[in-house]
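Structure record follows, encoded as structure tokens.
Convention: sequence-line order gives letters A, B, ...; per-chain numbering from 1.
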Number of protein chains: 2
Amino acid sequence: MYVTDPTQFVETYDDDKIVPEITHRRTMTLKPGKHLFLEGDPANRIYEVTSGVLRLTRMLEDGRRQVIAFGYPGDTVGFPSDGYYHTDCDAIVPTTLVVHRRSDLETSKGDAALHQRLLRAALREISAMQDHFMMLGRKSSVEKLASFLMVLTDRVGTPLGDFTQVSLPMTRSDIADFLGLTTETVSRTFTQLRKSKIVAIDHINTVIILKPKALRSIAEGQDD
Amino acid sequence: MYVTDPTQFVETYDDDKIVPEITHRRTMTLKPGKHLFLEGDPANRIYEVTSGVLRLTRMLEDGRRQVIAFGYPGDTVGFPSDGYYHTDCDAIVPTTLVVHRRSDLETSKGDAALHQRLLRAALREISAMQDHFMMLGRKSSVEKLASFLMVLTDRVGTPLGDFTQVSLPMTRSDIADFLGLTTETVSRTFTQLRKSKIVAIDHINTVIILKPKALRSIAEGQDD
DNA sequence: CGGAGGGTTGACTTTAATCAACAGCGGTGG
DNA sequence: CCACCGCTGTTGATTAAAGTCAACCCTCCG
């Protein structure tokens, strides 16, 4: 019930014209709460998420935390810089991964097609991070939460009658640390969206998008 | 683009045994205020800054602006995603650039060494953006400004007696939009740092770092 | 000399954070 | 099986931080 809809994942693959080969594929699984790597670890592997959800985080000395990204199926994680990882990464649900050796991908010796994929993934990542900047720096709490829900709707939403269902495997605290808010504010903002009938909250970790257009226009700051 | 200290850049060159050839190098210059590209333009070129400073920005419909990065010498700008630029880019001082055709860099046909450079630049960019996330999402206004000044000190600071001088070619409004603050808050925060004798403000666009250690510990959230 | 734009400062408002209480659920063990 | 504990989430009251609105200054330039 946690896991991201497999059809979504297949589509992502189709879009990218990536047909994974059985040969030369190393896969692994990761249990919830288990770390894939920590900030400062030497970065020898690059991973592609095939199912589940990862959480990439950074911490300040005093415990303040920023969730950099959630790694959904189709995402690549573990981009190295100067040979090291610059975030912690752990699983929030059981997760399966394809493992690539960094040396295969980064040096000229490796497969050119794999190379291409890494570069494309990095460029997509940069673009996604640019959206995230605008969100962190310039949006209000409702706009942040609406943006977050829209992204998830577009990526991993599943149709449910006339509406779209989105599962939120992460805690409120994860959402808060992703959006640069507190858990209390996230909670209040959910309540606000629920009371204005834009979303319904099914179970704590399942929301139903009732008015996608309204949600999107909030996300983009059109109403104020 | 945000943090890459210049020695780093030189080392990267050495590591890769890339000595840019005069041949096949196309350069250009850009006057202050002139745009290099706009959000949504097809991304056919990738640029390396050789002198000057660029500003990369994104806008919301209602005019709210986020400065994504400043492009200093050694930085690469114009990373495409889906074939388009996702930010505006203009010069804030006279700027010179090396121009690369995207097709040369991104497709398998191009020079493998150039390929490598693009990938490295993209990975550095991702790492820098991760710092910026923490700053936007979790730091207070003083911490933000201190972080900004530290990065500039490390990258482009020039020794001045016992101290370090940093020039700020961008306006207060650019700094505000980079840090997710208002110009008023930036101004007040400069005053605060000036009054506590951590920096001195020479000319509007030149600051002198009097207590780098104090500034760094504020930036990292050690004092509160 | 005068005007425009960028920057600073002050007074006040708004937003989200903080502090605190409590509800719901899920697991554990008596 | 039920009681209790601990964790996550919600809600309320209050506070703190940054935003807004406004006045003013300074400098650069025509």
**Item:** Footprint string (nucleotides 11-18 of chain D, 5' to 3'): B base within contact, S backbone only, - free, heavy atoms under 4.0 Å
**Value:** BBB----S

**Request:** Starting at the 5' end of nucleotides 23-30 of chain D, put B wherever the base has a protein heavy atom under 4.0 Å, S where only the sugar-phosphate does, and a dash everywhere else.
**Result:** -----S--

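Screening residues 185-195 of chain B for side chain to side chain donor-acceptor pair (under 3.5 Å), with sequence neighbours left out, gives B:T182-B:T185.
Evaluation of the side-chain hydrogen bond (donor to acceptor under 3.5 Å, both in side chains) rule for A:R216 yields A:D154 as partners, not counting sequence neighbours. With sequence neighbours left out, A:F79 forms a ring pair (Phe, Tyr, Trp, His ring centres under 6.0 Å) with no residue at all.
Interatomic distance, CD of A:E220 versus CG of B:D62, reported as 11.0 Å (0.5 Å rounding).
Counting only heavy atoms from C-beta outward, the side chains of A:R58 and A:H86 approach each other to under 4.5 Å. Side-chain contact between A:T76 and A:R120 is absent, with no heavy atoms from C-beta onward closer than 4.5 Å. Taking the side chain as every heavy atom from C-beta outward, A:L60 and B:M134 approach each other to under 4.5 Å.
Here B:H132 and A:F133 bring their ring centres to under 6.0 angstrom of each other.
Taking 4.0 Å as the cutoff to heavy atoms of chain A, we find the contact window on DNA chain C bounded by C:dA16 to C:dC19.
Figure legend: cation-pi geometry between B:R155 and B:F70 absent, as NZ or CZ is not positioned both under 6.0 Å from the six-membered ring centre and within 45° of its axis.
Following rounding to the nearest Å, A:D174 (CG) and D:dT8 (P) show an atom-to-atom distance of 10 Å.
B:T96 and B:T29 form no side-chain donor-acceptor contact under 3.5 Å, judged by distance and modelled atom types alone.
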